[in-house]
Peer 1: 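Input: one structure, supplied below.
Residue numbers begin at 1 in each chain, while the letters A, B, ... track the order of the sequences.
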Amino acid sequence: MENKLRQLFDYQRFEQNDNLNKLIDDTHRRARISAIPDVFMRNISAAGDPSTSIEIIKKQLKQL
Amino acid sequence: MSCITEEKLYEEYHDKVFGYIFNHTSNKEDAEDLTNDVFLKAFRSLERFDESRASVSTWIFTIMKNTLTDHFRRGHISEELNEDYVSSDDIEGSYLKKETLEEIARALKELPEEQRDIIILRYYDGLSLTEISEKLRISYGMIKIRHKKALAALEKLLSYGGKITEFSGKLKQ
């Protein structure tokens, strides 16, 4: 059970389920934990233009 | 065979992958390179990916985790891209899907705040019970009791619902 919870919360860091994020934020507020890293994570934007990057990846694939 | 296109896959998951990897590497260049590696592997495996056996999200998550693990094992030295592809069979933890996150959210809401906080601090933030005790300024003994109660309550809550839950593996009538 504990291991599954760890994995699920790790997966949550990836998926960013809104309902879970709200509960996490509430806990952090009560525990006065800085949420800055997570807020930053949620607002993080892709580096560069995604449409340009996908073309680069496709080119790399062809070269392999 | 998968119906998802490379473009859709990239559009939907690029930010999530980059954000997760950046959080673990704290290095933008590494995160960009590794994100590219993840999608190269995913595109290479896409034709063989079977959506009926695993969700796209879990599949990408697995590729990403494997890529990160390889990165840290190599000591951050860049090497040729691994030739292995990730099939639906390689994915561990079939409970790792969006629906399970919703289930967890619903179950956590049922818990008293004091128990919910302990679960989140322990399993999301990775704090020990001692650290939680210090943070919340509650005795260690009390934290330990609440932690045990919270786990038992969650186990019960996640077993109900008239369906097989990935957690308990029990079929409820």
Peer 1: Where do A:L23 and B:A105 come nearest, in terms of heavy atoms and distance?
Peer 2: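 Closest approach of A:L23 to B:A105: CD1-O, 3.6 Å.
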Peer 1: Where is the tightest heavy-atom contact between B:L151 and A:M1, given as atom of each residue plus distance?
Peer 2: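 Scanning both residues completely, I find the closest heavy atoms to be O-CE, 4.1 Å.
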Peer 1: Calculate, to the nearest 0.5 Å, the distance between atoms CD and OG1 belonging to A:Q7 and B:T100 respectively.
Peer 2: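 Here the rounded value is 11.5 Å.
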Peer 1: What part of B:R122 is in contact with chain A, defined as an atom under 4.5 angstrom from a non-hydrogen atom: side chain, backbone, both or neither?
Peer 2: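 The side chain, not the backbone.
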Peer 1: Quick check on the hydrophobic clustering: are B:I145 and B:L111 connected, directly or via other members, by side-chain heavy-atom contacts under 4.5 Å?
Peer 2: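 Per the 4.5 Å side-chain linkage, B:I145 and B:L111 are not co-clustered.
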Peer 1: How long is the straight-line distance from CD1 of A:I24 back to CD1 of B:I120, given to the nearest 0.5 Å?
Peer 2: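 Reported to 0.5 Å precision, the distance equals 5.5 Å.
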Peer 1: Could you measure the distance from the CG atom of A:L20 to the CZ atom of B:R106? Nearest 0.5 Å is fine.
Peer 2: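 It is 10.5 Å, given to the nearest 0.5 Å.
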Peer 1: Report yes if the side chains of A:D26 and B:E113 come closer than 4.5 Å at any heavy-atom pair, otherwise no.
Peer 2: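 Result no, sub-4.5 Å side-chain heavy-atom pair not found.
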Peer 1: Pick one of side chain, backbone, both or neither for B:L136, based on which atoms fall under 4.5 Å of a heavy atom in chain A.
Peer 2: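 B:L136 touches chain A through side-chain heavy atoms alone.
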Peer 1: Relative to chain A, which segment of B:I119 carries a heavy atom at a distance below 4.5 Å: side chain, backbone, both, or neither?
Peer 2: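 Both backbone and side chain.
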Peer 1: Does any donor atom in the side chain of A:D10 or B:Y123 lie under 3.5 Å from an acceptor atom in the other side chain?
Peer 2: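 Distance-only check fails for A:D10 and B:Y123.
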Peer 1: Heavy-atom cut-off 4.5 Å, strictly under: side chain, backbone, both or neither for B:I118 against chain A?
Peer 2: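 No part of B:I118 comes within 4.5 Å of chain A.
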Peer 1: Would you kindly check if the NZ (Lys) or CZ (Arg) of A:R13 is within the cone defined by 45 degrees around the ring axis of B:Y20 and under 6.0 Å from the six-membered ring centre?
Peer 2: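 That pair does not qualify as a cation-pi contact.
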Peer 1: Suppose we screen for salt bridge (Lys or Arg N to Asp or Glu O under 4.0 Å). Which residues come up paired with A:E2, at least two apart in sequence or across chains?
Peer 2: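 In terms of salt bridge (Lys or Arg N to Asp or Glu O under 4.0 Å), with neighbours along the sequence ignored, A:E2 is linked to no residue.
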Peer 1: Going by heavy atoms in the side chains, are B:K98 and A:N17 under 4.5 Å from each other?
Peer 2: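 Not in contact.
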Peer 1: Under the salt bridge (Lys or Arg N to Asp or Glu O under 4.0 Å) test, which residues partner B:K109, sequence neighbours left out?
Peer 2: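 With sequence neighbours excluded, B:K109 shows a salt bridge (Lys or Arg N to Asp or Glu O under 4.0 Å) to no residue whatsoever.
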Peer 1: Between atom CD of A:Q16 and atom CG of B:D15, what is the distance when rounded to the nearest 0.5 Å?
Peer 2: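 Going from the CD atom of A:Q16 to the CG atom of B:D15 covers 11.0 Å.
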Peer 1: Do B:D125 and A:F9 have side chains that approach each other closer than 4.5 Å (heavy atoms only, starting at C-beta)?
Peer 2: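 Counting from C-beta outward, B:D125 and A:F9 never come under 4.5 Å.
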Peer 1: If you count heavy atoms of other groups shown closer than 6.0 angstrom to CD of B:E11, is the number above 12?
Peer 2: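 Not buried by this count: 12 neighbours or fewer within 6.0 Å.
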Peer 1: Looking at B:L154 and A:L5, what are the two nearest heavy atoms and their distance?
Peer 2: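 What the structure gives for the nearest pair is CD1-CD1, 4.1 Å.
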Peer 1: Output the distance between atom CG (B:L158) and atom NZ (A:K4), rounded to the nearest 0.5 Å.
Peer 2: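 Those atoms lie 10.5 Å apart.
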Peer 1: Given the options B:E102, B:K65, B:R116, which has more heavy-atom pairs under 4.5 Å with chain A than any of the others?
Peer 2: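 Answer, by heavy-atom pair count under 4.5 Å with chain A: B:E102.
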Peer 1: Between B:S57 and A:Y11, do the side chains contain an N or O donor and an N or O acceptor separated by less than 3.5 Å?
Peer 2: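 There is such a pair (donor and acceptor under 3.5 Å, judged by atom type) between the side chains of B:S57 and A:Y11.
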Peer 1: Considering only heavy atoms from C-beta outward, does the side chain of A:E15 approach that of B:K16 to under 4.5 Å?
Peer 2: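 Touching, per the 4.5 Å side-chain cut-off.
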